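All chains are named by letter (A, B, ...) in the order of the sequence lines, taking the proteins before the strands, and each is independently numbered beginning at 1. Being a predicted model, the structure only gives us computed values, none of them experimental.
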Amino acid sequence: MVLVYAESQDGKLKKSTAEAVTYGKKTAEVLGMDCAALVLGSVSDAGDLGKYGASAVHQITSDGLAHFDSQTYTQAIAKAAEQLGAKVVILSHSTTGKSLLGRLAVRLNAGSVSGVNSIPTNDGGTFKVNKNVFSGKALAEYAISSDIKVMTLSGNSLKPEESGAAISVSTMEVDPGTSRVRVTDVTLQKGDVAPLPEAELVVSAGRGMKGPENWTIIEELADSLGATTACSRPVADIGWRPHHEHVGQTGVAIKPNLYIAAGISGAIQHLAGVNSSKCIVVINKDPEAPFFKAADYGVCADLFEVVPKLTAAIRKAKA
Amino acid sequence: MKILVCITKTPETTAKIAFKDGDTAYDENGVQFIMNPYDEWYALVRACELKEAHGGTVTVINVGPATNDVIIRKALAIGADDAIRVDTEASSALYVAKQIAAQAAGYDLVLLGKESIDYNGSEVGGMVAELLGQPYISYATTLDVNGTTATVTRDIEGGTETAEIDFPLVVSAAKGMAEQRIPNMRGIMMAKRKPLNIVAADGSDVLVAVSKYTLPTGKTSVKMIDPDNMDELVRLLREEAKVI
Ligand SMILES: Cc1cc2nc3c(=O)[nH]c(=O)nc-3n(C[C@H](O)[C@H](O)[C@H](O)COP(=O)(O)OP(=O)(O)OC[C@H]3O[C@@H](n4cnc5c(N)ncnc54)[C@H](O)[C@@H]3O)c2cc1C
Ligand SMILES: Nc1ncnc2c1ncn2[C@@H]1O[C@H](COP(=O)(O)O)[C@@H](O)[C@H]1O
């Protein structure tokens, strides 16, 4: 069986779980198995995972799982995987999934690959799966030879597919142990746009903005699209923008459907974090800016003139 | 406080990526290697700062061949007291983690980078923690110590979380934990005399292996849009690229 750990937040499934379960279902088909989903804690819409192809949804509700701790969560998922006889365990490639992957690999004595982006193949019984390496500059095919396999699924790698209907949730009794992590504070950024790693539309700007006071035009462009904002590294380093917006090799790696970059030169370290985006629009006044080589659409002009025009065009098209 | 910092080497960030042996191995020919930025800028520097503030020792560990001694000496020049190199090829994340765990007895804190920028695995930290049976905080942006308790802030989706954990524990470092330090002349001279202990590897474990590399096909050439016709760009994004 293929077991998908479906992450939740505030008692609701995360958006990425639809992708993870769709991927689990397709992996299960390749292997001739069933796909089951696991939720931890109370999750009101857990049964919806049936729509994406889970033939069973299991839930562990234990006080020990009230807050995330890689140790207790690993214990819960590993015990569920053992009880259910899971051969493949799939996680989202989120901060949560990434901090569980290594632990689960050790616990289950499983071969692990992080950030996979293709449906596995199993020709001649050799399990193979792809992922990006060298910060998106190459693709590697991995062969996993262990009996049990663990993987995190890179976001935006496939479209969720509804193939079934909501199903009922069955409860499992598992003791996750006692957490040694005492959470003292959680601060969530306000606003209703998607956090950068999950965002499908991203508007980003760099040193060409001249100063932090000029960012209103970028925020308005993002607002017209419902996009999340990002920035190049120097801009975060000098404090024009918050650190969590920094994308690139040493920042967040993203692969949204649309990445609009204004006043960013397109240095190789910047490209490393964004070149998996489906569509890239570059706005730069320098026709020689390297970013144009990685772009789908380019506008060679002063961003201070073009960005407001683009915002107006989007608002007009949406009206 | 005894801190163990795991350091690895990665190709320099602008290095050309090419493959050999029928696209089954990374071609290191002509590639310059650096210390993985997360290990150097954040994990190692923060470890040195904690030592300076609270006393104790900082040991760096690398699993790899003798050619890695260059980056180990750099870590010693930045401020580590001594080093361990497990003399073997780093063939998989699990194999590396087992080598590190085998050397980690007696340390209060194991610090790693959040990921290596070549294979972007983010796996070794969790593996070491599980092998040691210790808590693991990943993607930490701040790390402070008060007696035998660590206070750690980490990035979570859409925000940050702060937690307290008693030693021993494993932490992976993300941007923000410290500022890059350039080794000075005195540090470089002292590094030459600091101990670098070479130890033999233990066991073998290859459950995963790369079977083939491919380079992504480049973008077909960019379509330039008239700056005075943003309606056209919006139309293309809608009808051609279908992304909005
Ligand atoms: C080890 C290492 C890791 C790194 N990691 C990252 C990383 O993760 N992410 C990252 O982004 N960088 C990273 N960098 C830095 C990277 O090399 C570049 O320095 C950086 O990306 C440049 O940022 P920028 O494009 O905003 O600024 P610049 O390179 O200064 O480019 C500004 C651009 O704005 C354009 N411009 C100026 N005015 C206007 C205007 N009015 N209208 C339109 N265009 C205008 C200019 O033509 C220019 O192309 C890293 C570097 C190193 C050495
Ligand atoms: N060969 C190695 N030797 C020592 N530490 C390593 C090695 N490989 C990875 N690490 C550590 O583990 C972290 C995460 O690496 P990875 O799981 O490969 O992304 C790195 O930032 C290093 O701190």
Chemist: Under 4.5 Å from any heavy atom of chain B, what part of H246(A) do you find: side chain, backbone, both or neither?
Modeler: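 When you check distances to chain B, only side chain atoms of H246(A) fall under 4.5 Å.
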Chemist: Sort L225(A) into side chain, backbone, both or neither according to what part of it lies under 4.5 angstrom from a heavy atom of chain B.
Modeler: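 Side chain only.
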Chemist: Looking only at heavy atoms, what is the nearest atom pair of S114(A) and G121(B), with distance?
Modeler: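 Between these two residues, the closest heavy atoms are OG-O, 2.8 Å.
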Chemist: Identify which part of E200(A) has an atom lying under 4.5 Å from any heavy atom of chain B, answering side chain, backbone, both or neither.
Modeler: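 No part of E200(A) comes within 4.5 Å of chain B.
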Chemist: Do T187(A) side-chain atoms and G159(B) backbone N/O form a donor-acceptor pair below 3.5 Å?
Modeler: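 It does not hold such a pair.
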Chemist: Between V282(A) and chain B, which part of the residue has a heavy atom less than 4.5 Å away: side chain, backbone, both or neither?
Modeler: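 V282(A) has no heavy atom closer than 4.5 Å to chain B.
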Chemist: Is it the side chain or the backbone of N109(A) that comes within 4.5 Å of chain B heavy atoms, both, or neither?
Modeler: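 Contact with chain B is through both the backbone and side chain of N109(A).
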Chemist: Please classify the contact of I144(A) with chain B as side chain, backbone, both or neither, using a heavy-atom distance under 4.5 Å.
Modeler: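 When you check distances to chain B, atoms from both the backbone and side chain of I144(A) fall under 4.5 Å.
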Chemist: Rounded to the nearest 0.5 Å, how far apart are CG of D147(A) and CG of L207(B)?
Modeler: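 Between D147(A) CG and L207(B) CG, I get 10.5 Å after rounding to 0.5 Å.
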Chemist: Would you find more than 12 non-hydrogen atoms of other residues, nucleotides or ligands less than 6.0 Å from E179(B) atom CD?
Modeler: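 No - once you tally the heavy atoms of other residues, nucleotides and ligands closer than 6.0 Å, there are 12 at most.
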Chemist: Just verifying a value: how many Å separate E123(B) CD and S112(A) OG, rounded to the nearest 0.5 Å?
Modeler: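 Nearest 0.5 Å value for the CD-OG distance: 3.5 Å.
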Chemist: In terms of heavy-atom proximity below 4.5 Å to chain B, should L139(A) be classed as side chain, backbone, both, or neither?
Modeler: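 Both backbone and side chain of L139(A) come within 4.5 Å of chain B.
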Chemist: Among A163(B), A97(B), P37(B), S122(B), which has the most heavy-atom pairs under 4.5 Å with chain A?
Modeler: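 Answer, by heavy-atom pair count under 4.5 Å with chain A: A163(B).
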Chemist: For V133(A), is there any backbone N or O sitting under 3.5 Å from a side-chain donor or acceptor partner on N120(B)?
Modeler: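 No; judged by distance alone, with no hydrogens or angles, the pair does not exist.
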Chemist: Is the shortest heavy-atom distance from the side chain of T10(B) to the side chain of F134(A) under 4.5 Å?
Modeler: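 They are not in side-chain contact.
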Chemist: Between the main-chain N or O of V208(B) and the side-chain N or O of S146(A), is there a donor-acceptor pair closer than 3.5 Å?
Modeler: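 Not confirmed, S146(A) side chain does not pair with V208(B) backbone.
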Chemist: With a 4.5 angstrom heavy-atom cut-off, is it the side chain or the backbone of E305(A) that approaches chain B, or both, or neither?
Modeler: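 Interface part for E305(A): neither.
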Chemist: State, without any angle test, whether E164(B) and T184(A) hold a side-chain donor-acceptor pair at a distance under 3.5 Å.
Modeler: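 Their side chains do not contain a donor-acceptor pair, so the 3.5 Å distance test is not met.
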Chemist: Ignoring hydrogens, what is the shortest heavy-atom contact between F19(B) and A138(A)? Give both atom names and the distance.
Modeler: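 In terms of heavy atoms, the two residues are closest at CZ-CB, 3.5 Å.
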Chemist: Using a strict 4.0 Å threshold on nitrogen-to-oxygen distance, state whether R180(A) and D166(B) make a salt bridge.
Modeler: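 Between D166(B) and R180(A) there is no salt bridge, as every charged N stays at least 4.0 Å from the carboxylate O atoms.
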Chemist: Got more than 12 heavy atoms from elsewhere within 6.0 Å of NZ, K15(A)?
Modeler: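 Yes, because the 6.0 Å sphere around NZ of K15(A) holds more than 12 heavy atoms from other groups.
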Chemist: Could you tell me if the side chain of M230(B) sits less than 4.5 Å from the side chain of V306(A), heavy atoms only?
Modeler: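 Contact flag for V306(A)/M230(B) side chains = yes.
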Chemist: To the nearest 0.5 angstrom, please state how far the CG atom of L233(B) sits from the CD1 atom of I283(A).
Modeler: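 Between L233(B) CG and I283(A) CD1, I get 7.5 Å after rounding to 0.5 Å.
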Chemist: Mind checking whether W41(B) and T250(A) have side chains closer than 4.5 Å, heavy atoms only?
Modeler: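 They are in side-chain contact.
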Chemist: Heavy-atom cut-off 4.5 Å, strictly under: side chain, backbone, both or neither for A267(A) against chain B?
Modeler: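 Neither part.
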Chemist: Quick check: are there more than 12 heavy atoms from other residues, nucleotides or ligands sitting under 6.0 Å from CG of N146(B)?
Modeler: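 12 or below, so no.
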Chemist: Any side-chain heavy atom of F292(A) sitting closer than 4.5 Å to one from M224(B)?
Modeler: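 Yes, their side chains come closer than 4.5 Å.
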Chemist: Is it the backbone or the side chain of K316(A) that comes under 4.5 Å from a heavy atom of chain B, or both, or neither?
Modeler: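 The side chain, not the backbone.
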Chemist: Taking every heavy-atom pair that is under 4.5 Å apart, which of K98(B), R154(B), Q134(B), R235(B) has the most such pairs with chain A?
Modeler: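 If we count pairs closer than 4.5 Å to chain A, Q134(B) comes out on top.
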Chemist: Taking the side chain as every heavy atom from C-beta outward, state whether Y142(A) and S211(B) have any pair of such atoms under 4.5 Å apart.
Modeler: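 They are not in contact (no side-chain heavy atoms under 4.5 Å apart), so the answer is no.
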Chemist: Regarding D118(B) and K137(A), does a basic nitrogen lie under 4.0 Å from an acidic carboxylate oxygen?
Modeler: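 Here D118(B) does not pair with K137(A) in a salt bridge, since their nearest N and O are not under 4.0 Å apart.
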Chemist: Could you tell me if the side chain of D296(A) sits less than 4.5 Å from the side chain of V222(B), heavy atoms only?
Modeler: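 No, side chains not in contact.
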Chemist: Picking from L215(B), I17(B), T149(B), which has the most non-hydrogen pairs under 4.5 angstrom with chain A?
Modeler: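 Ranked by contacts with chain A, first place is I17(B).
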Chemist: Please classify the contact between H243(A) and chain B as side chain, backbone, both or neither, with a heavy-atom cut-off of under 4.5 Å.
Modeler: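 Contact with chain B is through the side chain of H243(A) alone.
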Chemist: Going from SG on C279(A) to CD on E240(B), what distance comes out if it is rounded to the nearest 0.5 angstrom?
Modeler: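 Interatomic distance, C279(A) SG to E240(B) CD, rounded to 0.5 Å: 8.5 Å.
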Chemist: Between OG of S99(A) and CD1 of I137(B), what distance do you get to the nearest 0.5 Å?
Modeler: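 One gets 8.5 Å once the value is rounded to the nearest 0.5 Å.
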Chemist: Look at R103(A) together with E130(B) and state whether they make a salt bridge at an N to O cut-off of under 4.0 Å.
Modeler: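 Between E130(B) and R103(A) there is a salt bridge, with a charged N closer than 4.0 Å to a carboxylate O.
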Chemist: Is there a donor-acceptor contact under 3.5 Å linking the side chains of E141(A) and Y213(B)?
Modeler: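 No pair is found: no donor N or O on one side chain lies under 3.5 Å from an acceptor on the other.
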Chemist: Could you tell me if the side chain of T162(B) sits less than 4.5 Å from the side chain of V183(A), heavy atoms only?
Modeler: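 No. Closest side-chain heavy atoms not under 4.5 Å.
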Chemist: By a 4.5 Å heavy-atom criterion (distance strictly below it), what part of L310(A) contacts chain B: side chain, backbone, both, or neither?
Modeler: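 For L310(A), heavy atoms of backbone and side chain both lie under 4.5 Å from chain B.
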Chemist: Under 3.5 Å, is there a donor-acceptor pair between the side chain of K175(B) and the main chain of V252(A)?
Modeler: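 Looks like no, no N/O pair under 3.5 Å.
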Chemist: Are I156(B) and T96(A) side-chain neighbours, meaning at least one heavy-atom pair lies under 4.5 Å?
Modeler: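 Sidechains of T96(A) and I156(B): no contact.
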Chemist: For T74(A), is it the side chain, the backbone, both, or neither that has a heavy atom closer than 4.5 Å to a heavy atom of chain B?
Modeler: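 The answer is the side chain of T74(A).
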Chemist: By a 4.5 Å heavy-atom criterion (distance strictly below it), what part of A140(A) contacts chain B: side chain, backbone, both, or neither?
Modeler: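 It is both, since atoms from each part get that close.
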Chemist: When you compare the side chains of Q249(A) and T13(B), does any donor N or O come within less than 3.5 Å of an acceptor on the partner?
Modeler: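 On atom types as modelled, these side chains do not qualify, holding no pair under 3.5 Å.
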